Engineer: 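This is the structure I have questions about; it appears just below.
Numbers here are sequence positions counted from 1. None of the values given here were measured: they were computed from a predicted structure. Each ligand, and each atom within it, is numbered from 1 in the order the structure gives.
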Amino acid sequence: MPYVLGVDVGTTRTAAAVCRLGGAGRAEPELVGLGGPGGGVATSLQLTADGAFAVGEPGDPRWTATGFARRVGDEVPVALGSELYPAEELTALLVRWVADRVADGEGEAASRIVLAHPAGWGPHAKNLVHRALRSVGLPDVTLLAEPLAAAACFGRGPVGVFSLGSHAFGAAVVRPPFDLVSWAEGVDQAAGADFDDLVFQHVRGTLGRAFTELDPDDPRTRGLHARLRRDCEAAKRVLSGTFETAIPVHLPSGAVEVPLTRARFEELVRPDVEHAVAVFERVVRGTPLEVTALVGGSARIPLISSLLPGRVVFEAAPETAVAKGAALAGRHLLLGPDDPEPIETSVLVRDDDPLLRFPVGEFSPASDEEFSAPPPRPPIDITPLDLPERRSVKRAVRGLAATGRSRDRDRAEDGR
Ligand SMILES: Nc1ncnc2c1ncn2[C@@H]1O[C@H](COP(=O)(O)OP(=O)(O)OP(=O)(O)O)[C@@H](O)[C@H]1O
Ligand SMILES: [Mg+2]
């Protein structure tokens, strides 16, 4: 059955959902399993020795790109060994991988793909992504601002969107279906990864010298830190569902456990959460909201909903709300609203119907050139000291040539 695919490429996690175009009545978006925990997949691309990309697999950090989706438009590309990749290319490759994987499962390609993007993306960032998507064989992806996607699943009146993921915070008012009334977002506002740091500091402070006197040059200390960070993140998640937990620390002298209660965790994160809530209140001021939708994995922290005003709703898995909303919004864009009129879904409306002009994120070929000027090169040499051996890229995702630029070639061109 034809379907729309919604994709949310987050800083740490990518999620996808489909919404069927056939059948009568209201269509519910369905999350698609991408092979990682909780249905999504880690937003990570590892350039393998055979020149392909492995998606979502932990590996040598020198060859692994993460967190690129929010770097689209950055002047500094992502370095993978000796290759340089603009963030939009990596994002497009990941979307292509998701689209292929879903198409394999569904037995057909999506009728339309809707990719959610940070509300702050302007025409430059959107055109970069459109071009990168075209270059991986996805010519007509609809770009939709994250709050618009998030709001698609909630309410008919003005919807407040409070979004907190691993690295980004966003607050918005959306008038369904596609009117972004006001918004604010920022990676400077503390989010999930910062809360992990606070838990880490708590453990450090509790253990005192037993922790601070560990030899930083000892590889075992680095291993201990990495493992502890993972355990701090896990403890934070546990505390959204329970009131106390203990964090294991594998000191060379023996393993110990540091207790952490929800009350103490809330004390740690309260200033950041209160700040985010204050930003949200500023953004929504003057608009009577029907409902506030909580989205993003960090929205599971109970303190957040307790501090937000008005009626607050969130899905059982708020980290999937944007992908699901993107799929639902895509169906809406193609077929019109499900309610109140039941719609005839057995015949797809043609794409070139003027009534279907996408109100948001539509790619306009005429404006492509206008925004395509390459950003100026950074004034610094970003070559790391310890470059791994060169890997040549044969293909990026199935049958597609990667276009990463080599540092050597860049230097040669700069020296012309
Ligand atoms: N039960 C939970 N309680 C608290 N935090 C949680 C819980 N589950 C997941 N998280 C946190 O949610 C974050 C991931 O959320 P999400 O998948 O929405 O982020 P993202 O989309 O990858 O990042 P971003 O939107 O910031 O770019 C992580 O920091 C994770 O620790
Ligand atoms: Mg996100």
Engineer: Between Phe200 and His225, is the ring centre distance below 6.0 Å?
Structural biologist: yes

Engineer: So is Arg262 actually on top of Phe243's ring, under 6.0 Å and inside 45° of the axis?
Structural biologist: yes

Engineer: Please determine whether the number of non-hydrogen atoms from other residues, nucleotides or ligands lying under 6.0 Å from atom CD of Glu244 exceeds 12.
Structural biologist: no

Engineer: If you look only at pairs with a residue in residues 303-322, which of them pass as a salt bridge (Lys or Arg N to Asp or Glu O under 4.0 Å), with sequence neighbours excluded?
Structural biologist: Arg300-Glu319, Glu315-Lys324

Engineer: How would you list, by chain and number, every residue that makes a side chain to side chain contact (heavy atoms under 4.5 Å, CB included) with Pro252, sequence neighbours excluded?
Structural biologist: Leu214, Leu224

Engineer: List by chain and number: which residues place a heavy atom under 4.0 Å from ligand 1?
Structural biologist: Gly10, Thr11, Thr12, Arg13, Arg70, Gly165, Ser166, His167, Ala168, Gly192, Glu233, Lys236, Arg237, Ser240, Gly296, Gly297, Ser298, Arg300, Ile301, Glu319

Engineer: Sequence neighbours left out, what passes ring pair (Phe, Tyr, Trp, His ring centres under 6.0 Å) with Trp183? Give chain and number order.
Structural biologist: none

